[in-house]
Amino acid sequence: MQHINIKKFALAWGVAGVVLYLGCIILMATVGHEGTVLFFNSLLHGLDTSTIIRMDVPWIEALIGLVEIFILGWLFGALIAAVYNISFNKKYQ
């Protein structure tokens, strides 16, 4: 395989970011503050996240974050695919 469809790859990254974001929302809604702190402290190798985790996030702020993570994921995926495609361009080999 020497070519990646940039739009499809970017969409995959954007959707993956949204799924992770939704997973975080579900985690926070189901396990509460202590469970969220425990999860992220374990994930981040013991870094204390208790002072930065905010549980009272307004729904509009969460929605904006969801859109932002999709856009950032899309851009990152497009960048990866573009760099990959350029690296296999016959002119550069």
Carefully, step by step, assess N85 and I6 under the rule side chain to side chain contact (heavy atoms under 4.5 Å, CB included). CA-CA 9 Å; N85 289 343; I6 294 175; 3.6 Å; yes
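- Interatomic distance, CG of L38 versus OG1 of T49, reported as 9.0 Å (0.5 Å rounding).
- Of all heavy-atom pairs between F70 and V18, the closest is CB-CG2, 3.7 Å.
- Y21 and V57 end up in different hydrophobic clusters when Ile, Leu, Val, Met, Phe, Trp and Tyr side chains are linked at under 4.5 Å.
- Atom OG of S50 and atom CD of E34 lie 8.0 Å apart (nearest 0.5 Å).
- A distance of 12.5 Å separates CG in L22 from CG in L27, rounded to the nearest 0.5 Å.
- Cluster annotation: L66 is not connected to I26 through the hydrophobic network of ILVMFWY side chains, with a link wherever side-chain heavy atoms come within less than 4.5 Å.
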Can I53 and M55 be said to form a side chain to side chain contact (heavy atoms under 4.5 Å, CB included), step by step? CA-CA 6 Å; I53 291 181; M55 298 301 289; 3.9 Å; yes
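- Between W74 and A10, the shortest heavy-atom distance links the atoms O-CB, 3.2 Å.
- Note on L11: it clusters hydrophobically with I71, by side-chain heavy-atom contacts below 4.5 Å among ILVMFWY residues.
- Closest of all the heavy-atom pairs between A81 and I4 is CB-CG2, 3.8 Å.
- Rounding to the nearest 0.5 Å gives a distance of 13.5 Å between CG of D48 and CZ of F40.
- Between F9 and N5, every side-chain heavy-atom pair lies at or beyond the 4.5 Å cut-off.
- Residues N41 and L47 form no side-chain contact, since every pair of their non-hydrogen atoms from C-beta on lies 4.5 Å or further apart.
- V15 and V67 fall within the same hydrophobic cluster, defined by Ile, Leu, Val, Met, Phe, Trp and Tyr side-chain heavy atoms under 4.5 Å apart, directly or through other members.
- The shortest heavy-atom contact between I25 and A62 is CD1-CB, 4.4 Å.
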For the pair L63 and W59, evaluate side chain to side chain contact (heavy atoms under 4.5 Å, CB included) and give the outcome as yes or no after the intermediate values. CA-CA 6 Å; L63 184 62; W59 68 270; 4.2 Å; yes
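- In the hydrophobic clustering of this structure, L75 does not group with L79; members are Ile, Leu, Val, Met, Phe, Trp, Tyr whose side-chain heavy atoms approach within less than 4.5 Å, directly or through other members.
- Looking at heavy atoms from C-beta onward, D56 lies in side-chain contact with R54 at the 4.5 angstrom threshold.
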